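Everything numeric here is computed off the predicted structure, so don't read it as measured data. Residue numbers count from 1 along this sequence.
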Amino acid sequence: MQAWRVHENGEPGEVMRLDEVDRPTPSEGQLLLRVRAANINFPDALLCRGQYQIRPPLPFTPGVEICGETQDGRRVIATPALPHGGFAEYVVVDAATVLPAPESLDDAEAAALHIGYQTGWFGLHRRARVQAGETLLVHAAAGGVGSAAVQLGKAAGATVIGVVGGPDKARVARELGCDLVIDRRTDDIVAQVKEATGGRGADVVYDPVGGDAYAKSVKCVAFEGRIVVVGFASGEIPSPGLNHALVKNYAILGLHWGLYNTKDPGAILACHEELTRLAAEGAVKPLVSERVAMKDAADAVQRVADGTTTGRVVVVPEGTDR
């Protein structure tokens, strides 16, 4: 079978190589899946660079979430275990972690529902306890992680302010349902958030960017606001001033979704059931901006790494239906 593999760390477009390898054999407690669609996540780029918190042995196949098909024909969502990731024609996965793919979503959409939306749901509901009527500020609102948070925030009854970079991404954020869109390249984020909230600030901030995005967030977070730290796509990890958090009375909340797999796996299943319901009702629908062939996966991962894409880019191996 074909599988993209990383033989040395570096930029995805330079180090990913399409190899011919043996089809994997499942061990006890595992399932063999035919990959129907593999969603590209920013961690895939970090894995290629050797900058992710997990560093699989070389060579490895990136691709942390897929929609696959079991040998008896069931469509499922799964997170392949590294070093044998999802940018391949077949993968093996732990049977206990497999979830049914929502019938309301096609393969590419289903592949994109899992990590980003689970992260958004846990971040907004379990960590920040967002309430209807509150104001939610989402950084990188047109990206894969941000777009999920926008939809989930609207589904929760929040007023959503999206921060993006450039007019094309601003248009996408408006189409997603943002009540206000701020272009960080031309607009004053702090001033616009305060103006939109009557000086109060944002009740919840969802930050997958770090760096300057975090620095601006602490200047416009509300009294008893909550800043959810999801990731550092900017490459800059902030150093929070805890004296500032004390004086302004806001909370800084970390979110590592993967911990729930070991600490509270039942919560992941319950979240998936909620996401499936929301998808069936049309309240959430992954924004799949591109479906690319297997041969174009390395270029697509590079574009995600460079931050030039919107929504989700999904690899669809040849011979799949959708």
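Here the side chain of E89 pairs a donor or acceptor atom with the backbone of Q2 at under 3.5 angstrom. With hydrogens and angles ignored, the 3.5 Å screen pairs no side-chain donor or acceptor of E103 with any backbone N or O of A101. Judged purely by atom type and a 3.5 angstrom limit, S289 has no side-chain atom pairing as donor or acceptor with the backbone of G311. Put simply, the side chain of S147 never gets that close to the backbone of A141: no donor and acceptor are under 3.5 Å apart. Proximity of a side-chain donor or acceptor of D44 to a complementary backbone N or O of G63 within less than 3.5 Å is detected. Without hydrogens or angle criteria, E236 side chain to G211 main chain gives no donor-acceptor distance under 3.5 Å. In this structure, N41 contributes its side chain and P43 its backbone to no donor-acceptor pair below 3.5 Å. At least one donor-acceptor pair under 3.5 Å links the side chain of D179 to the backbone N or O of V160. Checking side-chain atoms of E134 against main-chain N and O of V204 turns up no donor-acceptor pair under 3.5 Å. Between the Q192 side chain and the I189 main chain, no donor and acceptor come within less than 3.5 Å of each other.
Within the cation-pi definition used here (under 6.0 Å to the ring centroid, within 45° of the axis), R34 does not qualify as a partner of Y90.
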Run the side-chain contact (heavy atoms from CB on, under 4.5 Å) check on T159 and L136 step by step: do they pass?
-> CA-CA 6 Å; T159 297; L136 167 65; over 6 Å; no
Mind running side-chain hydrogen bond (donor to acceptor under 3.5 Å, both in side chains) on D72 and T70 for me, showing each step along the way?
-> CA-CA 5 Å; D72 59 1; T70 64; 2.3 Å; yes
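At a threshold of 4.5 Å between non-hydrogen side-chain atoms, the residues V164 and V181 count as touching. Within the 4.5 Å cutoff, the side chain of D188 has no heavy atoms near those of the K216 side chain.
A salt bridge is defined here as a Lys NZ or Arg NE, NH1 or NH2 lying under 4.0 Å from an Asp or Glu carboxylate O, and D106 with R291 meets this definition.
Between the CZ atom in R312 and the CD atom in E109 there is a gap of 13.0 Å [rounded to 0.5 Å]. The CD1 atom of I54 lies 11.0 Å from the CZ atom of F60; values are rounded to the nearest 0.5 Å.
When only modelled atom types and interatomic distance are considered, Y260 and Q118 share no side-chain donor-acceptor pair under 3.5 Å. For the residue pair T79/H114, the side-chain donor-acceptor check at 3.5 Å is not satisfied.
Between W121 and H272, the gap from one ring centroid to the other reaches at least 6.0 Å. Close placement of the H244 and Y250 rings is indicated, their centers lying within 6.0 Å of each other.
For D299, the salt bridge (charged side-chain N to carboxylate O under 4.0 Å, His left out) test picks out R303, with sequence neighbours left out.
Crowding of Q51 atom CD: a count of heavy atoms from other residues, nucleotides or ligands under 6.0 Å exceeding 12. In the displayed structure, E8 atom CD is contacted under 6.0 Å by at most 12 heavy atoms of other residues, nucleotides or ligands.
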